[in-house]
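Presented below is the structure to which this report refers.
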Amino acid sequence: QVQLVESGGDLVQPGGSLRLSCAVTGLNFRYTSVGWFRQAPGKEREGIACISIRDGSTFTNDALKGRFSVSGDRAKNTVYLQITDVKPEDTATYYCAFSNRCTIVAAYHNHWGQGTQVTVSS
């Protein structure tokens, strides 16, 4: 069974921080990496970061690298996205997804979670 469940989205004030979680099941020889993406209303889905579950290597979108960090906990079968110094433009639905490689290109991902909403407002 392949499944991803995002959680942790919330209403946060500018400058604040939060950690999103992606509980994953079904990783195998094919689905070995998890990517984080976000999509705001009227905008295309944007890749944020990814992590290889096999070796822990990561990649982060250069435009977001300073405030976004991906990590994983093997024991908990969970991938995290830490967001700091949140800004209004971070408001979006955040998704995690499986891929056979660590990439932030959405097209390479085959399974997606339901998303979790992050709203940044004062």
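What you see is a predicted model; the values in this text were computed from it and never measured. Nothing fancy with the numbering, it's 1 onward along the sequence. Side-chain atoms are counted along with the backbone in the values below, which use heavy atoms only and exclude waters and symmetry mates.
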Among the clusters formed by ILVMFWY side chains lying less than 4.5 Å apart, do [X] and [Y] turn up in the same one?
{"X": "Val2", "Y": "Ile53", "answer": "yes"}
{"X": "Leu4", "Y": "Val79", "answer": "yes"}
{"X": "Val12", "Y": "Leu20", "answer": "yes"}

Look at the side chain of [X] and the backbone N and O of [Y], then say whether any donor-acceptor pair between them is shorter than 3.5 Å.
{"X": "Thr58", "Y": "Ile51", "value": "no"}
{"X": "Asn61", "Y": "Ala63", "value": "yes"}
{"X": "Arg67", "Y": "Asp85", "value": "yes"}
{"X": "Glu6", "Y": "Cys22", "value": "no"}
{"X": "Arg74", "Y": "Arg54", "value": "yes"}
{"X": "Thr91", "Y": "Val120", "value": "yes"}

Kindly give the heavy-atom pair with the smallest separation between [X] and [Y], and that separation in Å.
{"X": "Ala106", "Y": "Trp112", "answer": "O-CZ2, 3.6 Å"}
{"X": "Thr84", "Y": "Ser17", "answer": "CA-CB, 3.8 Å"}
{"X": "Val34", "Y": "Cys96", "answer": "CG1-CB, 4.0 Å"}
{"X": "Pro14", "Y": "Ser122", "answer": "CD-N, 3.7 Å"}
{"X": "Ala40", "Y": "Ala92", "answer": "N-CB, 3.8 Å"}
{"X": "Ile83", "Y": "Val86", "answer": "CG2-CG1, 3.5 Å"}

Ring-ring centroid check Phe98 His109, cutoff 6.0 Å: no
Derivation and outcome, side-chain contact (heavy atoms from CB on, under 4.5 Å), residues Val24 and Thr78: CA-CA 6 Å; Val24 302; Thr78 302; over 6 Å; no
Audit row: Gln114, Val5, side-chain contact (heavy atoms from CB on, under 4.5 Å) steps and yes/no: CA-CA 7 Å; Gln114 83 289 348; Val5 180; 4.1 Å; yes
Starting from the C-alpha separation in whole Å, work towards a yes-or-no answer on side-chain contact (heavy atoms from CB on, under 4.5 Å) for Asn100 and Ser33. CA-CA 6 Å; Asn100 65 350; Ser33 299; over 6 Å; no
I'd like to check Phe59 versus Val70 (side-chain heavy atoms, cut-off strictly below 4.5 Å). Are they in contact? no
Do the non-hydrogen side-chain atoms of Arg101 and Tyr108 ever get within less than 4.5 Å of each other? yes
CG of Asp90 to CG of Leu64, rounded to nearest 0.5 Å, is 7.5 Å
For Glu89, is the CD atom crowded, meaning more than 12 foreign heavy atoms sit under 6.0 Å from it? yes
Is the OH atom of Tyr80 crowded by more than 12 outside heavy atoms at less than 6.0 Å? yes
Is the NZ or CZ atom of Arg38 positioned over Tyr95's six-membered ring, under 6.0 angstrom from the centre and within 45° of the axis?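 Here Arg38 fails the 6.0 Å and 45° test against Tyr95.
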Without hydrogens or angle criteria, can the side chains of Ser69 and Gln82 be said to hold a donor-acceptor pair below 3.5 Å?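 Judged by distance alone, the side chains do not pair up.
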Are Val118 and Leu18 close enough, and set up right, to give a side-chain contact (heavy atoms from CB on, under 4.5 Å), and what steps lead you there? CA-CA 9 Å; Val118 173; Leu18 75 168; 4.0 Å; yes
Could you check Thr93 against Gln117 for side chain to side chain donor-acceptor pair (under 3.5 Å), going step by step and ending with a plain yes or no? CA-CA 4 Å; Thr93 301; Gln117 179 67 37; 2.9 Å; yes
Evaluation steps, ring-ring contact (aromatic ring centres under 6.0 Å, His included), between Trp36 and Phe68: CA-CA 10 Å; Trp36 279 101; Phe68 292 77; 9.9 Å; no
